Amino acid sequence: MRYIVRATSILGVLCAIGMLAPVAAGYAIGANDAAESQQSAEESIEATVEARRDAIDHEIGHTPAHPWAADYYEGNGLGVNIFLSIAPKSGVAATWHGCLGLYGANLGAVIPERDGSLQLQFEQPNEARFGGFPDRVVPVRWGARRYLIRPSDTAGFVAAIHAGFEPRTQVHGQFLLAEGDELKPVSGLPGLPEPDRVRIRLQAVEARIVEVGEPERGDKTVDMCDARYPVRLVVDGDEVLHPGEKLQVLGRSSPFTDIIVREAGAGSARGLAKVLELDCGKPDADHVPAEGWRLTTGAYDEISANRAIAEASRASATQASR
């Protein structure tokens with residue numbers, strides 16, 4: 001999964017050189033504090049948030065049929081491990097753990113909005129960066145599964161469905177999923193807002209890169225950076241791609257390359273290929289987009305998805321019985 005590879009590459013390097021300071025968001029302490037003081041403050045912060053989580057779990061236990069009250073997880077098991085618990089009365093408790101400890105912790109209230117989304121009104125500053133948490137989520141039911149999707153991530157959720165990453169069959173993943181739901185089957189389409197739900201494809205559309213422009217590179221993170229290549233595409237069968245749609249590369253493994261449609265018409269499109277360079281300015285030729293690359297939107301196959309879930313469930317049961 002591109003998300004896992006990209007996050008693992010970046011966070012692995014940062015963890016190794018100690019650049020990720022614990023308690024990066026929400027309740028925080030000064031960077032110059034002594035190690036013992038920092039550890040004490042971190043433990044106090046986490047205890048405060050976990051006490052709120054206990055209250056939330058108590059409420060969840062008394063309202064088991066509530067549509068979105070639950071404990072949710074998102075992460076890769078390395079530098080990103082986000083645990084977010086919500087309930088109508090007790091509010092929200094959120095923690096982010098990584099390779100060096102606690103990166104973020106916050107708590108607050110949950111405010112339902114008219115459009116069905118939930119505003120997470122945190123008590124402490126909550127910046128949209130590493131160690132922060134979403135301040136608004138959309139509850140999405142998919143069969144018995146419960147997700148919380150950031151409004152800005154709905155297109156990414158559709159792309160994950162097309163690529164076969166969702167519905168996932170393991171705990172780890174890019175989107176907040178209620179704990180224990182990863183082995184539950186799905187039915188029909190997920191309850192996304194209509195503009196995104198109708199973009200879920202049941203048949204894949206393929207395209208070909210016919211032109212690649214010069215890249216622009218973003219800021220470095222240690223030695224790494226993102227290189228952005230403009231690309232022009234010809235789409236098979238005069239099909240129309242959607243702006244914002246993410247495409248997969250056919251016939252080659254390119255976990256460091258993301259291709260996103262920017263403009264589209266019948267049979268043609270323009271997009272941006274974002275390539276993670278581990279040594280900024282020295283691209284790996286296998287990851288650089290080239291004329292002739294075949295791309296696909298991917299598509300959702302409910303039968304295959306539920307078959308994979310059933311296999312994972314059987315494997316989990318076998319493992320538990322040993």
Side-chain angles (χ1 to χ4, degrees), residues 1-5 64-68 70-76 116-117 137-207 235-237 239-251 253 255 258-261 264 294-320:
M1 184 186 300
R2 294 184 183 88
Y3 164 78
I4 298 296
V5 172
H66 192 278
W68 48 257
D71 297 308
Y72 294 81
Y73 173 80
E74 165 191 323
N76 57 18
S117 67
V137 292
V138 178
V140 173
R141 293 297 297 258
W142 194 358
R145 293 182 175 224
R146 296 157 294 171
Y147 290 87
L148 296 179
I149 309 296
R150 298 166 178 81
S152 60
D153 282 351
T154 53
F157 190 62
V158 171
I161 293 170
H162 289 164
F165 300 148
E166 291 289 353
R168 64 188 191 247
T169 59
Q170 59 176 341
V171 170
H172 301 121
Q174 186 179 355
F175 306 94
L176 287 164
L177 175 64
E179 294 180 12
D181 283 7
E182 65 274 3
L183 295 180
K184 293 180 179 179
V186 295
S187 59
L189 299 180
L192 288 165
E194 198 60 29
D196 297 292
R197 190 170 186 268
V198 298
R199 291 190 173 190
I200 297 176
R201 296 182 182 273
L202 302 182
Q203 290 187 330
V205 173
E206 295 186 5
V235 184
D236 292 1
E239 294 283 351
V240 178
L241 300 177
H242 305 305
E245 193 163 23
K246 295 184 179 181
L247 305 178
Q248 307 162 47
V249 183
L250 284 169
S253 176
D258 288 321
I259 300 177
I260 303 173
V261 177
R294 295 287 301 176
L295 312 175
T296 180
T297 60
Y300 171 52
D301 183 340
E302 182 178 338
I303 294 175
S304 296
N306 279 322
R307 183 182 298 122
I309 293 168
E311 290 174 357
S313 182
R314 286 193 294 270
S316 178
T318 300
Q319 184 68 26

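Just so it is clear, the structure is predicted and the values come from calculations on it, not from any experiment.
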Are [X] and [Y] side-chain neighbours, meaning at least one heavy-atom pair lies under 4.5 Å?
X: I149; Y: V137; value: no
X: E245; Y: V205; value: no
X: L295; Y: L250; value: no
X: R197; Y: P190; value: no

Is a donor on one side and an acceptor on the other found under 3.5 Å between the side chain of [X] and the backbone of [Y]?
X: R168; Y: V171; result: yes
X: N306; Y: V186; result: yes
X: Q319; Y: A317; result: no
X: T318; Y: R314; result: yes
X: W142; Y: P185; result: no
X: E302; Y: G188; result: yes

With sequence neighbours left out, the residues meeting salt bridge (Lys or Arg N to Asp or Glu O under 4.0 Å) with D236 are R294

How many angstroms lie between [atom1] in [X] and [atom2] in [Y], if you round to the nearest 0.5 Å?
X: R146; Y: H66; atom1: CZ; atom2: NE2; answer: 11.0 Å
X: D196; Y: D153; atom1: CG; atom2: CG; answer: 10.5 Å
X: T169; Y: E311; atom1: OG1; atom2: CD; answer: 9.0 Å
X: K246; Y: H162; atom1: NZ; atom2: NE2; answer: 12.5 Å
X: L177; Y: Y73; atom1: CG; atom2: OH; answer: 11.0 Å

Hey, are E239 and R201 close enough for a salt bridge, meaning a charged N less than 4.0 Å from a carboxylate O? no

Is there a side chain to side chain contact (heavy atoms under 4.5 Å, CB included) between L247 and V261? Walk through the geometry before answering. CA-CA 8 Å; L247 305 178; V261 177; 3.9 Å; yes

Measure across [X] and [Y] and return the closest heavy-atom pair with its distance rounded to 0.1 Å.
X: A204; Y: T296; result: CB-OG1, 3.6 Å
X: G116; Y: P139; result: O-CD, 3.3 Å
X: R145; Y: P167; result: NH1-CB, 3.5 Å

Using side chain to side chain contact (heavy atoms under 4.5 Å, CB included), reason through L202 and Y300 one step at a time and then give a plain yes or no. CA-CA 5 Å; L202 302 182; Y300 171 52; 4.1 Å; yes

Counting only heavy atoms not in E194 (residues, nucleotides, ligands), do more than 12 fall under 6.0 Å from its CD? yes

Decide yes or no on ring pair (Phe, Tyr, Trp, His ring centres under 6.0 Å) for F157 and F175, but give the supporting numbers first. CA-CA 8 Å; F157 190 62; F175 306 94; 5.0 Å; yes

